[in-house]
Amino acid sequence: IYYFSLTKNQAVWWDEAEYLVQAKHIAFNLPNTGWFEFREPLMPVIFAFFYKLGLGEMFFRWMMIIMSLLGIGLVYKIGERFYNTKVAIIASLLMSIFYLDVFYSMRILLVVPSTLFSLGALYFFMKGYKGTKRPYLDMTLAAILTIAGMLIYYASVFIIFSYLVYLFLIERFRLFKNKRFLTFIILCLIIFLPYGIYSMSKYHAVLPRFSALGTSATGDTFTPGAWANYLKQFPFYLRTFFLIIFILYLIYFIFNFVIGYDLFFKQKDNSLNSDVFMFLWILIPVIFLSYVAVILSGHTEDRYLHSVFPAIFLMVGNGLYTIYNSLKKFNKQIIILAIIIILIIGMIPLVKYTNTIIKDRVSSYYGVKMGGLWIKENSKPGDVIISNSLPQNTYYSERATYYSADEEKIKSYKPKYLVWSVFESSGAPESDYVKYIQGHSKELKPVQAYFADKEQKQPILIIYEANFS
């Protein structure tokens with residue numbers, strides 16, 4: 001609630017604006033310039049539904065928070081099933097203060113929804129696969145959440161895919177004789193088939209993003225050194241205490257697996273089962289995303305790894321529980337106190353960073369928001385704007401927005417306004433866009449500006465009225 005009060009009026013970022021622009025386009029047929037058609041389609045459709053009900057950005061911000069809380073609840077429920085209540089409490093507690101979850105629950109992005117759908121799919125699949133009550137209903141819910149998650153963000157399938165790999169390791173080809181598993185697979189195919197056919201016919205890939213990845217890879221630099229980019233960030237993610245606990249427990253798990261792998265594969269001892277799944281849950285996304293970083297010039301973003309942290313925190317929780325279980329015979333109360341102190345010491349830097357990053361980013365893109373709202377008030381539907389903040393300006397101004405530094409192309413657009421800002425790449429003094437503005441001072445009249453300082457000496461965004469007649 002505290003962070004929501006700080007961020008409820010913050011400007012949307014590029015990716016946020018894309019989903020909201022497309023949602024407005026679906027709901028009200030407003031311009032959707034800036035929407036990247038290779039993105040997954042479902043979230044804008046969901047937003048459009050709520051737009052039609054008269055709701056909007058503030059509701060979507062609350063939606064992200066509620067989804068985050070539901071996700072934390074599912075981390076607890078999954079932790080209970082794989083380990084025990086104590087481990088589940090530790091993992092859900094760490095997830096609730098972790099900056100990736102808290103920060104992105106304040107943003108209208110796919111990070112929180114995709115992880116929620118992934119966790120939901122895993123939870124219902126586990127219930128359906130091993131449960132005795134309404135297993136086929138649970139499998140149906142798991143299939144719906146799996147495909148819905150994939151149509152929100154393709155990486156949503158990592159968690160359920162990791163669990164299927166885990167099941168195959170312990171059951172091998174018996175898995176394909178399991179009626180509940182087959183029900184899940186068939187339902188997934190049936191639910192996905194209509195969109196899959198559409199995507200193949202239009203994009204020549206089962207998901208548009210796969211086609212975009214292939215196209216991007218051909219134009220980017222192959223960067224072998226980027227394979228470790230995500231691994232290098234783990235000290236930053238976990239900070240010292242939890243990083244040490246995670247690494248030590250990982251070593252402990254690997255040692256036990258090496259000496260007892262035959263017992264695991266023959267399932268004569270299932271004590272390693274939970275840790276094997278958690279390891280796969282972490283490993284598979286990291287390998288895939290590292291490969292993407294290698295083929296896309298080393299590009300990485302912290303949010304892409306959000307869905308692996310429930311598994312990491314469950315392993316951290318089980319590491320602490322293992323310590324407690326080994327030492328409680330000496331003095332149970334002192335060991336519990338020591339674990340609590342470790343948790344508090346480890347949580348302090350996480351909370352501090354969460355607080356810092358949220359406050360630091362609140363004012364980002366403020367000028368783009370205010371400029372877009374000003375344009376909306378001082379233009380008419382059908383007017384065209386030139387700006388490099390395509391989706392943000394389209395979202396706030398509700399006017400078609402394009403970007404170009406080519407003279408003939410700009411004139412062909414017949415723009416009402418041109419926008420210069422320090423954001424994106426158009427603001428650099430050496431950019432062609434800046435040179436274009438400087439070379440057309442007679443046709444471009446500054447009519448509004450926003451500044452970074454009270455003295456109004458550091459402009460961050462200037463709106464020029466265009467007159468090419």
Side-chain angles (χ1 to χ4, degrees), residues 71-72 74-79 81-83 87-88 90-95 98-101 104 111-112 114-123 125-126 149 153-170 226-239 241-258 261 264 271-294 300-322 346 350:
I72 292 166
L74 282 170
V75 171
Y76 174 83
K77 297 297 288 184
I78 292 167
R81 280 184 167 267
F82 277 101
Y83 294 107
V87 172
I90 292 171
S92 54
L93 175 63
L94 295 180
M95 199 70 191
F98 183 47
Y99 91 91
L100 278 180
D101 197 71
Y104 285 110
V111 178
V112 169
S114 64
T115 299
L116 172 65
F117 276 67
S118 300
L119 294 172
L122 172 63
Y123 176 71
F125 183 91
M126 289 190 307
Y153 184 57
Y154 78 103
S156 296
V157 299
F158 283 146
I159 296 178
I160 195 70
F161 177 73
S162 300
Y163 191 67
L164 296 182
V165 172
Y166 156 77
L167 282 180
F168 181 76
L169 291 178
I170 61 175
W227 71 269
N229 281 6
Y230 282 107
L231 294 177
K232 290 175 183 177
Q233 294 179 33
F234 272 82
F236 176 76
Y237 293 139
L238 297 175
R239 305 299 162 131
F241 262 75
F242 293 133
L243 179 66
I244 291 171
I245 294 168
F246 176 63
I247 291 174
L248 289 176
Y249 188 72
L250 202 57
I251 293 170
Y252 171 78
F253 155 68
I254 292 171
F255 175 79
N256 285 333
F257 182 79
V258 168
Y261 71 92
F264 167 76
S271 61
L272 287 172
N273 286 16
S274 296
D275 287 339
V276 168
F277 169 55
M278 296 302 154
F279 183 69
L280 291 170
W281 182 344
I282 298 165
L283 183 67
I284 290 173
V286 169
I287 289 175
F288 178 82
L289 292 171
S290 296
Y291 167 74
V292 171
V294 166
T300 58
E301 290 193 38
D302 57 1
R303 56 183 165 145
Y304 297 158
L305 276 185
H306 178 264
S307 64
V308 309
F309 281 94
I312 289 172
F313 290 138
L314 283 167
M315 291 191 85
V316 168
N318 201 43
L320 291 172
Y321 180 76
T322 302
L350 290 183

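- Under the 4.5 Å side-chain criterion, counting only non-hydrogen atoms from C-beta, F168 is not in contact with V165.
- Note: S156 OG to L119 CG = 9.5 Å, rounded to the nearest 0.5 Å.
- Ring planes of Y237 and F234: perpendicular class, angle over 60° (limits at 30 and 60°).
- With rounding to the nearest 0.5 Å, the separation of CD1 in I312 from CG in L250 is 9.5 Å.
- Taking all atoms of both residues into account, the shortest heavy-atom contact from L238 to L243 is CB-N, 3.8 Å.
- Inter-residue side-chain proximity for I90 and Y83 is flagged as unmet; no heavy-atom pair is nearer than 4.5 Å.
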#### Entry: Test side chain to side chain contact (heavy atoms under 4.5 Å, CB included) applied to M95 and H306, step by step
CA-CA 10 Å; M95 199 70 191; H306 178 264; 3.7 Å; yes
### Query
How far apart are the C-alpha atoms of L350 and F242, what are their side-chain angles, what is the distance that settles it, and do they pass the side chain to side chain contact (heavy atoms under 4.5 Å, CB included) test?
CA-CA 10 Å; L350 290 183; F242 293 133; 3.7 Å; yes
#### Entry: Stepwise ring pair (Phe, Tyr, Trp, His ring centres under 6.0 Å) check, Y252 with Y249
CA-CA 5 Å; Y252 171 78; Y249 188 72; 5.6 Å; yes
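- Side-chain contact between M126 and I78: present, with at least one pair of heavy atoms (C-beta onward) separated by less than 4.5 Å.
- Pairing each heavy atom of S92 with each of I72, the nearest pair is O-CG2, 3.6 Å.
- Put simply, the residue from F257, F279, F277 that forms a side-chain contact (heavy atoms from CB on, under 4.5 Å) with L272 is F257.
- Distance check, rounded to the nearest 0.5 Å: OG1 of T300 to CG of N229 gives 5.0 Å.
- Rounded to the nearest 0.5 angstrom, F253 CZ and S274 OG are separated by 10.5 Å.
- Side chains of L164 and F125 form a contact here, defined as non-hydrogen atoms less than 4.5 Å apart.
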### Message
Apply side chain to side chain contact (heavy atoms under 4.5 Å, CB included) to residues I282 and M315 and explain how you reach the verdict.
### Response
CA-CA 10 Å; I282 298 165; M315 291 191 85; 3.8 Å; yes
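- Here OH of Y304 is found 9.0 Å from CG of L289. Values are rounded to the nearest 0.5 Å.
- F161 is listed as a side-chain neighbour of I284, based on a closest heavy-atom distance under 4.5 Å.
- Among V157, I159, V308, the one residue that satisfies the side-chain contact (heavy atoms from CB on, under 4.5 Å) test with P285 is V308.
- A distance of 10.0 Å separates OH of Y153 from OG1 of T115, quoted to the nearest 0.5 Å.
- Ring-plane geometry between F98 and F313 is classed as perpendicular, the angle between the planes exceeding 60 degrees on a 0 to 90 degree scale with a lower cut at 30.
- Cation-pi geometry between R239 and F236 is satisfied (NZ or CZ under 6.0 Å from the ring centre, within 45° of the ring normal).
- The heavy-atom pair separating S162 from L280 by the smallest distance is OG-O, 3.5 Å.
- The side-chain heavy atoms of W281 and L122, taken from C-beta on, include a pair separated by under 4.5 Å.
- Across all their heavy atoms, L314 and V87 have their closest contact at O-CG1, 3.5 Å.
- Aromatic ring centroids of Y163 and Y166 lie under 6.0 Å apart.
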#### Entry: Worked check of side chain to side chain contact (heavy atoms under 4.5 Å, CB included) between F288 and F158
CA-CA 9 Å; F288 178 82; F158 283 146; 3.2 Å; yes
